[in-house]
Enquirer: 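I have a structure here, written as structure tokens, and I will follow up with some questions on it.
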Amino acid sequence: GESVGLHLPTLSVQEGDNSIINCAYSNSASDYFIWYKQESGKGPQFIIDIRSNMDKRQGQRVTVLLNKTVKHLSLQIAATQPGDSAVYFCAEISGGSNYKLTFGKGTLLTVNP
Amino acid sequence: DVKVTQSSRYLVKRTGEKVFLECVQDMDHENMFWYRQDPGLGLRLIYFSYDVKMKEKGDIPEGYSVSREKKERFSLILESASTNQTSMYLCASSLIPQTNYGYTFGSGTRLTVV
């Protein structure tokens with residue numbers, strides 16, 4: 001079936017380094033993608049989104065890249081801080097379902113001081 | 001500040017009990033969702049509702065039911081709790097047709113069935 005997955009379940013980086021979290025999706029009809037951050041004991045929080053007619057979008061310290069050719073999504077975090085330590089999920093909405101998200105399994109990012 | 005509020009952070013219930021998990025949103029969102037989150041399995045959709053009194057099954061509806069009598073409230077019901085329903089339950093809401101900013105999630109309810 002259709003799925004959204006992650007290449008790596010865990011990622012450990014040094015404070016100040018840049019982090020890259022990857023996500024592969026299988027539904028070529030997906031037209032909207034979102035990255036969520038989930039800190040321990042909390043619900044997921046929106047970070048950044050991107051639509052399928054774009055290949056890059058930047059926010060504050062975060063950039064999402066979309067490569068539709070290989071169905072790959074990445075989240076880049078610049079100058080990673082200890083407060084960035086969390087589980088990061090990618091999620092997609094496929095065409096025909098404007099409101100139902102499919103989530104990846106998540107990547108645990110650990111930032112070492 | 002917009003919110004999705006889940007009534008309990010932690011619950012402990014006995015096998016066979018009927019369990020109600022409540023979720024309230026103050027954003028006038030049409031869509032509401034219940035997910036469960038388990039290590040290694042990510043978020044899995046149990047049920048969702050796109051309007052009052054409307055509901056649709058998600059990917060893992062077995063053992064669960066839902067109720068949406070008012071727009072702001074979406075309840076998840078475990079008819080007869082079992083130990084394999086021990087999990088983190090997350091409620092979310094969103095607008096239609098476009099989900100700008102995706103879902104807004106509650107803080108979750110960690111349910112333990114003993």
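Letters A, B, ... are given to chains in the order of the sequence lines, protein chains preceding strands, and every chain is numbered from 1.
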Enquirer: Out of B/M88, B/R110, B/R44, B/Q37, return the one with the most heavy atom pairs under 4.5 angstrom to chain A.
Expert: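 If we count pairs closer than 4.5 Å to chain A, B/Q37 comes out on top.
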
Enquirer: Quick check on B/Q6 against chain A: is it the side chain, the backbone, both or neither that has a heavy atom closer than 4.5 Å?
Expert: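 When you check distances to chain A, no heavy atom of B/Q6 falls under 4.5 Å.
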
Enquirer: Is a donor on one side and an acceptor on the other found under 3.5 Å between the side chain of A/D49 and the backbone of A/F33?
Expert: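 A pair under 3.5 Å: no.
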
Enquirer: List the residues meeting side chain to side chain donor-acceptor pair (under 3.5 Å) with B/S65, not counting sequence neighbours, and say none if there are none.
Expert: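 Result, side chain to side chain donor-acceptor pair (under 3.5 Å) vs B/S65: B/E79.
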
Enquirer: Can you name the nearest heavy-atom pair linking A/F89 to A/G104, along with the distance?
Expert: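 Taking A/F89 first and A/G104 second, the nearest heavy atoms are CD2-O, 3.2 Å.
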
Enquirer: So if you build clusters from Ile, Leu, Val, Met, Phe, Trp, Tyr with side-chain heavy-atom gaps below 4.5 Å, do B/Y35 and A/I93 land together?
Expert: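 Yes: a chain of side-chain contacts under 4.5 Å links B/Y35 to A/I93.
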
Enquirer: Given that the side chain runs from C-beta out, which part of A/Q45 has a heavy atom under 4.5 Å from chain B: side chain, backbone, both or neither?
Expert: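 When you check distances to chain B, no heavy atom of A/Q45 falls under 4.5 Å.
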
